[in-house]
Protein chains: 2
Amino acid sequence: MEFLLKFRINEHLYLRNPESSEIGKSIIKNAINLVYEIGFEQFTFKKLAQKVECTEATIYRYFSSKHKLLTYILNWYWNYLEFVAKMRLQQITDSTAKLKLILEIITHSDGYSSEIQEYDLQKLHRIVISESSKSYLVKEVDEINKEFVFNPLKSLCQFIGEIVLEINPKFAYPKSLSSTLMETAHDQQFFSEHLPKLTDNKSRTQHKNYVLAYLNVLAFSVIK
Amino acid sequence: MEFLLKFRINEHLYLRNPESSEIGKSIIKNAINLVYEIGFEQFTFKKLAQKVECTEATIYRYFSSKHKLLTYILNWYWNYLEFVAKMRLQQITDSTAKLKLILEIITHSDGYSSEIQEYDLQKLHRIVISESSKSYLVKEVDEINKEFVFNPLKSLCQFIGEIVLEINPKFAYPKSLSSTLMETAHDQQFFSEHLPKLTDNKSRTQHKNYVLAYLNVLAFSVIK
DNA sequence: ATAAAAATAATAGTAATACTATAAAAAATA
DNA sequence: TATTTTTTATAGTATTACTATTATTTTTAT
């Protein structure tokens with residue numbers, strides 16, 4: 001079984017909807033590949049245009065800046081995570097089991113991604129780990145936040161927070177814990193791979209397993 | 001009483017030691033002010049030269065890139081944190097009290113900073129919150145890590161990890177918890193101020209108090 | 001006090017970045 | 001078939017992140 005996932009992404013992020021044309025979709029696919037390969041700092045619309053085999057001007061008709069393109073991609077990812085989480089959680093009634101599954105989903109330890117066609121989720125996950133904070137750690141954060149471009153992230157955080165409250169209705173920090181779990185999933189994975197002395201992963205491999213085990217300890221000891 | 005703190009900063013980070021001349025110190029002071037004011041993306045050596053009242057060429061004789069200058073500043077901060085933590089912890093024997101004080105220090109909830117002269121610690125703290133991850137979230141992380149420029153961060157993490165182990169010698173994730181606490185101190189402060197829906201801070205003010213209270217819950221429920 | 005060395009200023013230049021603008025060709029749609 | 005939209009091709013701009021060179025000033029050693 002295969003899925004084609006489309007999400008309505010915030011209109012402030014693009015000038016012309018990249019989902020509305022083949023070249024638009026090619027821009028997104030190649031942007032994911034290119035940011036994955038060279039990182040956001042080295043990523044330029046000129047290089048992207050070469051990959052897409054179009055001109056820079058065409059890309060500028062879709063996105064006004066590379067920063068908005070990054071945020072567009074991250075929005076797609078956050079929408080995707082919330083969608084997958086809600087879908088897979090339907091079969092589960094036990095709240096603890098729900099949160100365990102959430103942690104698997106955010107660390108990509110579940111085997112779900114292979115069934116999705118639209119974008120390369122492995123690469124997308126790498127981008128989220130290394131680049132997502134660059135979307136909001138900018139001086140203009142308050143202005144761009146007014147355009148609701150971080151709503152998918154907030155929504156995901158809210159959703160996880162509700163499950164935390166199911167487990168312990170008296171817990172005072174459901175949303176902070178949720179955002180901490182998401183951020184920690186990213187930075188512990190990065191640290192385990194690149195700055196292992198900031199972690200206790202002895203294996204030098206098995207980064208995902210390590211991070212997942214740690215997140216479980218973190219989450220469940222805090223909630224109770 | 002006033003202190004003048006100097007640390008030996010990794011030589012790979014500069015071409016000429018900025019501590020060795022007045023203009024060098026002025027470069028660091030003005031860099032802190034300028035990154036604080038306009039953010040790392042907008043920060044350029046041209047603008048910095050105007051503030052320092054020297055030429056760009058002079059700054060390039062001290063630092064080969066703005067990225068290294070940022071890492072230099074962060075190194076100073078990490079050295080400072082470890083120094084202050086070790087100093088203030090000498091009077092304390094109880095391990096739990098030690099960790100509580102560490103959390104106060106990393107959130108800047110302690111009243112210590114006013115006694116330090118060298119650099120503006122309030123601004124430095126803002127820079128650490130918003131810009132520190134940009135120091136290592138780059139494609140070249142493995143190469144620059146080989147030059148030991150992240151040693152002060154690792155050392156601080158190790159130090160906090162040892163205190164965690166004092167509280168519970170069987171805890172399996174002392175260093176991951178330490179790095180999580182440091183990262184969380186930064187991103188929860190940022191979220192509380194700019195993306196409050198990712199937190200449970202109802203007050204819209206009192207960000208530091210909120211973050212400190214949350215970190216205490218996080219740390220002590222995980223360790224036990 | 002003088003010579004040598006080092007630091008800084010002044011200036012110029014370069015390739016690349018992050019755009020904006022415009023006219024013409026091509027494609028889609030009515 | 002005409003009209004609109006999209007894309008290309010091309011040009012241009014201000015800024016960035018540097019490198020390079022020469023001249024002047026300051027520091028240091030003798």
Side-chain angles (χ1 to χ4, degrees), chain A residues 11-31 34-35 37-73 131 134-135 137-140 143-144 149, chain B residues 11-31 34-35 37-73 131 134-135 137-140 143-144 149:
Chain A
E11 291 179 10
H12 291 104
L13 290 173
Y14 54 78
L15 302 170
R16 174 161 150 66
N17 191 343
E19 292 292 340
S20 71
S21 73
E22 285 310 307
I23 209 164
K25 285 178 213 163
S26 176
I27 287 170
I28 303 300
K29 280 184 189 173
N30 282 288
L34 198 53
V35 174
E37 279 166 34
I38 63 179
F40 185 62
E41 283 76 21
Q42 306 305 314
F43 169 80
T44 69
F45 278 6
K46 192 171 199 169
K47 291 173 187 168
L48 179 57
Q50 279 159 13
K51 294 266 180 186
V52 176
E53 290 180 308
C54 71
T55 60
E56 254 186 286
T58 299
I59 295 169
Y60 274 105
R61 282 186 53 80
Y62 286 84
F63 293 98
S64 62
S65 73
K66 71 172 191 170
H67 185 267
K68 287 201 174 180
L69 174 48
L70 174 67
T71 307
Y72 178 96
I73 289 170
E131 322 291 355
K134 296 167 192 171
S135 177
L137 287 181
V138 292
K139 270 283 157 182
E140 317 81 50
E143 275 112 76
I144 61 181
V149 303
Chain B
E11 290 180 9
H12 292 104
L13 290 173
Y14 54 78
L15 302 170
R16 176 160 149 66
N17 191 343
E19 291 293 341
S20 72
S21 71
E22 286 309 309
I23 209 166
K25 287 179 212 162
S26 176
I27 286 169
I28 303 300
K29 280 184 189 172
N30 283 287
L34 197 52
V35 173
E37 279 167 34
I38 64 180
F40 185 63
E41 282 75 20
Q42 305 305 313
F43 169 80
T44 69
F45 278 6
K46 191 170 201 170
K47 290 173 187 166
L48 179 56
Q50 279 161 13
K51 294 268 179 184
V52 176
E53 290 181 310
C54 71
T55 61
E56 253 186 288
T58 299
I59 295 169
Y60 274 104
R61 283 186 53 80
Y62 286 85
F63 293 98
S64 62
S65 72
K66 70 172 190 167
H67 184 267
K68 287 200 173 179
L69 175 48
L70 174 67
T71 307
Y72 178 97
I73 289 170
E131 322 291 354
K134 296 168 192 171
S135 177
L137 288 180
V138 292
K139 270 282 155 182
E140 317 80 51
E143 275 112 77
I144 60 181
V149 303

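These values consider heavy atoms only, across backbone and side chains, with no hydrogens, waters or symmetry-generated copies. Every chain is numbered from 1 and lettered A, B, ... according to where its sequence line falls, protein lines coming before strand lines.
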task: Verify side-chain contact (heavy atoms from CB on, under 4.5 Å) between B/E131 and B/I73, making sure each step is shown before the conclusion.
output: CA-CA 11 Å; B/E131 322 291 354; B/I73 289 170; over 6 Å; no

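If you take CD of B/Q42 and P of C/dA18, they are 11 Å apart, rounded to a whole angstrom. Atom CD of A/E22 and atom C1' of D/dT6 are 14 Å apart (whole Å). Rounding to whole angstrom units, CG of residue A/N17 and P of D/dT6 are separated by 12 Å. Between B/L15 atom CG and C/dA6 atom C1' there is a gap of 15 Å when expressed in whole angstrom units. Residue A/E56 contributes atom CD, which lies 13 Å from atom P of C/dA16 at whole-angstrom precision. Between the CD atom of B/Q50 and the P atom of C/dA9 there is a distance of 14 Å, rounded to whole Å. Nucleotide D/dT7 holds its P atom 5 Å from the CD1 atom of A/I23, rounded to whole Å. Taking atom CZ on B/F63 and atom P on D/dT19, their separation rounds to 15 Å, with Å as the unit.
The two residues B/Y62 and B/N17 come nearest to each other via the heavy atoms CE2-O, 3.9 Å.
Judged by Watson-Crick or G-U wobble contacts below 3.5 Å, the nucleotide C/dT8 has D/dA23 as its partner. In this structure, D/dT30 and C/dA1 make a Watson-Crick or G-U wobble pair, each of the two defining distances being under 3.5 angstrom.
Among D/dT7, C/dA9, C/dA18, the nucleotide with an atom closest to any side-chain atom of A/K66 is C/dA18. Between C/dT8, D/dT8, D/dC18, one nucleotide has an atom nearer to the side chain of B/S21 than all others, and that is C/dT8. Closest contact between the side chain of B/A57 and the listed nucleotides D/dT8, C/dC19, C/dA10 involves C/dA10. In the set D/dT8, D/dC18, C/dC19, the nucleotide with an atom closest to the side chain of A/T55 is D/dT8. Listed nucleotides: D/dA20, D/dT6, C/dT8. Nearest to the side chain of A/R61: D/dT6.
Ion pair A/E37/A/K47 not flagged as a salt bridge, since none of the NZ, NE, NH1 or NH2 atoms sits closer than 4.0 Å to an Asp/Glu carboxylate oxygen. Ion pairing between a basic and an acidic side chain is recognised when a charged N comes within 4.0 Å of a carboxylate O; B/K134 and A/E41 show no such pairing.
At least one test fails for B/K66 against the ring of B/F45: distance under 6.0 Å to the centre or angle within 45° of the axis.
Residue A/Y62 is in sugar-phosphate contact alone, with no base atom involved, counting any heavy-atom pair closer than 4.0 Å across all strands shown. Backbone-only engagement by A/T44 is indicated by non-hydrogen atom pairs under 4.0 Å involving sugar-phosphate atoms exclusively. A/Y60 comes within contact range of at least one nucleobase, with a heavy-atom separation under 4.0 Å. A/K46 comes within 4.0 angstrom of nothing in the nucleic acid, heavy atoms only.
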